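Labels below follow one simple rule: chain letters A, B, ... track the order of the sequence lines, proteins then strands, and each chain is numbered from 1. Everything quoted here is computed from the prediction, not taken from an experiment.
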Amino acid sequence: MSVVTRFAPSPTGFVHVGSHRTALYNYLFARQQGGKFILRIEDTDRKRYVKGTVENLLFSLQRLGISYDAGPGKEDDKGPYFQSRRIDIYRKAVEQLLQQGHAYRCFCTAQRLEELRKSQTAQKLPPAYDGLCRELTLEESEQRAQNTPFVIRLKVPKEGTCAFHDLVRGNVQIAWSQIDDQVLMKSDGFPTYHLANVVDDHFMEVTHIIRGEEWLPSVPKHLHLYHCFGWDAPKMAHLPLLLNPDRSKLSKRQGDVAIEDYLKKGYVPEALNNFLALMGWNPGEKNEIYSMEELIAAFDINKIVKAGAVFDLQKLNWMNGQYIRNMDTARYLKEAKTWLHPERQRDSRIETALLALKTALNTFTEIPEKLGIFTGTPPEANEEAQNILNEASAQQVFSEFLREMDAMTELREADFKAIMKRVQERSGVKGKELWMPLRVALTGAMHGPELGYIAEYLGKAEAVRRITAHLKK
RNA sequence: GUCCCCUUCGUUCAGUGGUCAGGACUCAGGAUUUUCAUUCCUGCAACAGGGGUUCGAAUCCCCUAGGGGAUACCA
């Protein structure tokens, strides 16, 4: 049977990086196995629905290059892929459960449940439904349903343990006594996650459920549902969580958690994928830079790590820098320009400056700041730099350089080395003593990108002007 | 509280009974470079603790501690 995985987010906000990693793993596994990857929107909680998040989600997936074979906008005979449009399917399913005695209507009010929970907590008992409505006869239940609001609960076994195998965790056992009679259908007629998820995964023929670790404790409920329906359960893999530096669940309080935040900050989509893929799994080789194709080829679901991983910005930054440096020039220039002020974008020489910065960037956001050395007015040379300017050899370099300039119509980076070579020969000055005076004269600083780029960016006239300014009569 | 999961350098990932416990990021030092950055080299740095099992444990078992997750008519 061919593999089918799914990513099933709920549209309640931004796309969390952990959520994206889940999507990525599902995608990698499906692609590697030559299977199908589907996207399903779990919008069964009308209270939590946030407008625009579906669009946002689709956009994020697209930006990061994760394509799905079926899902919103790509319907097939297994759809629709919005749970809110599948309500009839869930109702039919839960009716079957009801008729077969696997589920029951519960008429308990929210108030009673609240009190129940309070008293249980006071007695240090685990809060759980006490089963008041569990033994109602179908007849009675149907009668009361006429004029009383109700939910439908799953009749969970009372004794024994639920043992199952997880692709990441191995064998796991949970006592049935720990499992509450889960609500399957809310009083508003919408299903809960547990019901909708199981029903959809079955009808969409999902073979592997790859999702976050927070779902591990509800596996018994799901397995019981499959059992009641008489369906085979998919294989499961519960992924370790992404963590804050203090090892709590990665949250907004301690930094950016939304994919779009990182996109906005100038991170390269490929780098984001590469980095996230390596949080919780690693091919175990020296190289850590992987294209999507390489990730697909190398991915091994059996080698997913069990422990949670701290989201390490330092490494992301490094990796992003790698992607920027390895980017082909055309794409680099195109992307880099989007980080410029509109007026700078019209600057005909800006590419020269951008090219010089390519090795100096970890993220594109650093561009405006690092561009300063090209576009800004040079700072007053500090004492150390001033000393360099005052050297007799510096003066010689200046005049020789100026003389070179006389012969040129324009100043090109490509010619710069040759020019300097001639200046060196004529002046007899070389090495640092040759270059530093020019650097200081041109930029006011002792450090910066390659001088040739700076010179070309400035242009002949401006370069000459700056050097002349430091020439002593 | 209860249940479940987890525990190798600061971070991340290798290592599934015999390894000098390895790689990557960070950091430090060095080389290259006109400087910075890049690149390259070197180095610092870990098996949570305690019991077993075994000739031999990071690797298997138990306990403890710590961390995380779940305990909703949210997902």
Side-chain angles (χ1 to χ4, degrees), chain A residues 8-12 42-45 47-48 106 108 110 113-114 117 120-121 123-129 149-153 166 168-170 172-175 177-180 182-194 196-197 211-220 238 240-241 243 245-249 275 278-289 303 305-319 321-322 325 356-361 370 373 417 420 424 430-440 443 445-452:
Chain A
S10 53
T12 55
E42 310 223 325
D43 54 350
T44 56
D45 187 352
K47 293 188 286 291
R48 292 211 312 162
C106 172
C108 294
L113 260 20
E114 175 71 15
R117 210 168 297 138
Q120 282 166 332
T121 329
Q123 294 172 67
K124 300 203 168 180
L125 291 168
Y129 183 59
F150 62 89
V151 300
I152 298 175
R153 288 180 184 272
D166 184 275
V168 175
R169 314 274 146 192
V172 180
Q173 292 194 351
I174 298 175
S177 61
Q178 296 301 320
I179 311 298
D180 204 1
Q182 181 65 46
V183 171
L184 299 176
M185 192 69 90
K186 300 178 249 184
S187 55
D188 65 0
F190 275 65
T192 59
Y193 171 87
H194 308 280
N197 200 262
R211 83 233 290 190
E213 191 186 3
E214 69 269 26
W215 294 107
L216 194 59
S218 3
V219 168
H238 287 88
L241 264 18
L243 273 26
D246 70 359
R247 305 206 76 87
S248 56
K249 192 172 172 177
F275 175 70
L278 263 34
M279 299 246 80
W281 165 77
N282 188 296
E285 284 163 23
K286 187 169 175 171
N287 172 43
E288 303 215 345
I289 304 295
K303 289 181 81 175
V305 167
K306 298 180 211 284
V310 173
F311 191 87
D312 179 18
L313 259 186
Q314 272 184 332
K315 188 150 187 181
L316 207 212
N317 286 337
W318 166 80
M319 193 169 274
Q322 291 289 311
R325 268 163 245 140
L357 291 183
K358 204 176 174 211
T359 58
L361 300 173
K370 301 219 168 176
I373 195 145
K417 282 236 159 73
M420 290 303 284
Q424 178 190 324
K430 60 181 178 179
K432 269 191 185 180
E433 286 168 358
L434 170 68
W435 291 81
M436 264 307 163
L438 282 170
R439 175 172 292 282
V440 174
T443 70
M446 295 176 63
H447 304 297
E450 269 197 63
L451 211 45

- Note on the structure: Among rC4(B), rG1(B), rA75(B), the one nearest any side-chain atom of Val172(A) is rC4(B)

- With sugar-phosphate meaning primed atoms plus P, OP1 and OP2, does Leu451(A) contact a base, only sugar-phosphate, or nothing at under 4.0 Å between heavy atoms? base

- Would you indicate what Val310(A) reaches in the nucleic acid, counting non-hydrogen atoms under 4.0 angstrom: base, sugar-phosphate, or nothing? sugar-phosphate

- Presence of Lys47(A) side-chain N/O under 4.0 Å of rC74(B) phosphate oxygens OP1/OP2: yes

- Query: If the C1' atom of rU38(B) is compared with that of rU33(B), how far apart are they to the nearest Å?
  - Reply: 10 Å

- Item | Side chain of Trp435(A) - closest among rU11(B), rU34(B), rA75(B) | rU34(B)

- Message: Is it the case that atom NZ in Lys186(A) sees more than 12 heavy atoms from other parts of the structure closer than 6.0 Å?
- Response: yes

- Task: May I ask you to decide if Ile373(A)'s main-chain N or O and Thr443(A)'s side chain share a donor-acceptor pair within less than 3.5 Å?
- Result: no

- Query: Given rC36(B), is OP1 or OP2 found less than 4.0 Å from the side-chain N or O atoms of Lys370(A)?
  - Reply: no

- Message: Between Arg117(A) and rA72(B), is there a contact of a side-chain N or O with OP1 or OP2 at under 4.0 Å?
- Response: yes

- Name the nucleic acid region contacted by Gly321(A), choosing base, sugar-phosphate or nothing; use a 4.0 angstrom heavy-atom cut-off, strictly under. nothing

- Pick the nucleotide of RNA chain B nearest each of Gly431(A) and Lys124(A); which residue has the one closer to the 5' end? Lys124(A)

- Message: Roughly how many Å apart are rC4(B) and rC40(B), using the C1' atom of each and rounding to a whole number?
- Response: 48 Å

- Note on the structure: To the nearest angstrom, the NZ-P distance between Lys286(A) and rG15(B) comes to 18 Å

- Task: Determine the interatomic distance between P on rC13(B) and the same-named atom on rC6(B); round to the nearest Å.
- Result: 15 Å

- To the nearest angstrom, how far is Trp215(A) atom CH2 from rU71(B) atom C1'? 13 Å

- Ranking rA75(B), rU11(B), rG1(B) by distance to the side chain of Lys186(A), first place goes to rA75(B)

- Query: When we call it a touch if two heavy atoms are under 4.0 Å apart, what does Arg247(A) touch: a base, just sugar-phosphate, or nothing?
  - Reply: sugar-phosphate

- Hey, does the side-chain of Ser10(A) have a donor or acceptor N/O within less than 3.5 Å of a partner on the base of rA75(B)? no

- Return yes if some donor-acceptor pair links the side-chain N/O of Lys306(A) with the main-chain N/O of Val168(A) below 3.5 Å, else return no. yes

- Message: Once you apply a heavy-atom cut-off of 4.0 Å, does Lys249(A) come out as touching a base, just sugar-phosphate, or nothing?
- Response: sugar-phosphate

- Side chain of Met436(A) - closest among rU35(B), rG69(B), rC25(B): rU35(B)

- Any idea which of rU39(B), rC73(B), rU35(B) is nearest the Gln322(A) side chain? rU39(B)

- Donor-acceptor pair, Asn282(A) side chain versus Gly284(A) backbone, under 3.5 Å? yes

- Message: Strictly below 4.0 Å: does Gln182(A) bring a side-chain N or O up to OP1 or OP2 of rC74(B)?
- Response: no

- Is any side-chain N or O of Glu288(A) under 3.5 Å from a base N or O of rG23(B), one able to act as donor and the other as acceptor? yes

- Message: Rounding to an integer number of angstrom, what distance separates rC9(B) and rC3(B) when you compare their P atoms?
- Response: 28 Å

- Using purine N1 to pyrimidine N3 plus N6-O4 or O6-N4 for Watson-Crick, or N1-O2 and O6-N3 for G-U wobble, each under 3.5 Å, what pairs with rU53(B)? none

- Task: Tell me what Met279(A) touches on the nucleic acid: a base, only sugar-phosphate, or nothing, going by heavy atoms under 4.0 Å.
- Result: sugar-phosphate

- What does rA28(B) pair with, Watson-Crick or G-U, if both distances are under 3.5 Å? rU42(B)

- Message: Please check this pair: side chain of Asp180(A) against backbone of Tyr129(A), looking for a donor-acceptor N/O pair closer than 3.5 Å.
- Response: yes

- Message: Rounding to an integer number of Å, can you tell me how far Ile179(A) CD1 sits from rU2(B) P?
- Response: 17 Å

- Select one nucleotide: of rU38(B), rC74(B), rC6(B), the one nearest the side-chain heavy atoms of Thr359(A). rU38(B)

- With a 4.0 Å cut-off on heavy atoms, is Lys303(A) in touch with a base, just the backbone sugar-phosphate, or nothing at all? sugar-phosphate

- Would you mind reading off the distance between Asn282(A) atom CG and rA14(B) atom P, rounded to a whole angstrom? 6 Å

- Message: Say we look at rA45(B) and rA37(B): how far apart would their C1' atoms be, to the nearest angstrom?
- Response: 26 Å

- Message: I need the CZ-P distance between Arg211(A) and rC5(B), as an integer number of Å.
- Response: 16 Å

- Task: For Thr12(A), answer base if it contacts any base atom (sugar-phosphate contacts may also be present), sugar-phosphate if it contacts only those atoms, and nothing otherwise; contact means non-hydrogen atoms under 4.0 Å.
- Result: nothing

- If you pin Glu450(A) and Trp281(A) to their nearest nucleotides in RNA chain B, which one's is more 5'? Trp281(A)

- Message: Checking base pairs now: Watson-Crick or wobble, both atom distances under 3.5 Å. What partners rU35(B)?
- Response: none

- Counting heavy atoms from C-beta on, name the nucleotide in rC74(B), rC73(B), rA37(B) closest to the side chain of Arg48(A). rC74(B)

- Message: In whole Å, measure the gap between the C1' atoms of rC44(B) and rU7(B) for me.
- Response: 24 Å

- Crowded around Glu433(A) CD? As in, over 12 foreign heavy atoms under 6.0 Å? no

- Task: With a 3.5 angstrom cut-off on both distances, give the Watson-Crick or G-U wobble partner of rG22(B), or none if there isn't one.
- Result: rC13(B)

- Could you state the atom-to-atom distance from CZ of Arg169(A) to C1' of rA70(B) in whole Å? 13 Å

- Would you call the rings of Tyr193(A) and Trp215(A) parallel, tilted or perpendicular if under 30° counts as parallel and over 60° as perpendicular? parallel

- Side-chain contact check for Arg439(A): nearest option of rU7(B), rU35(B), rC73(B) is rU35(B)

- Message: Checking contacts here: which listed nucleotide (rU34(B), rA75(B), rC73(B)) is nearest the side-chain heavy atoms of Lys432(A)?
- Response: rU34(B)

- Between C1' of rU11(B) and CG of Leu313(A), the distance in whole Å: 11 Å

- Please answer whether the main-chain N or O of Ala360(A) pairs with a side-chain N or O of Lys370(A) as donor and acceptor at a distance below 3.5 Å. yes

- Query: Which whole number of Å gives the distance between the C1' atom of rU71(B) and that of rG15(B)?
  - Reply: 36 Å

- Distance, C1' atom - from rU16(B) to rA21(B), rounded to whole angstrom: 14 Å

- In whole angstrom, give the distance that lies between atom CG of Leu216(A) and atom P of rU71(B). 12 Å

- Item | Rounded distance [0.5 Å steps], CD1 in Ile289(A) versus CH2 in Trp318(A) | 4.0 Å

- Message: Tell me which nucleotide, if any, is Watson-Crick or G-U wobble paired with rC74(B) when both distances must be under 3.5 Å.
- Response: none

- Gln314(A) side chain, from C-beta outward: closest of rA75(B), rU26(B), rC3(B): rU26(B)

- Message: Taking Ala445(A)'s backbone N and O only, do any of them form a donor-acceptor pair with Arg439(A)'s side chain (distance below 3.5 Å, no angle check)?
- Response: no

- Thr192(A) vs rA72(B): side-chain N/O to OP1/OP2 distance below 4.0 Å: no

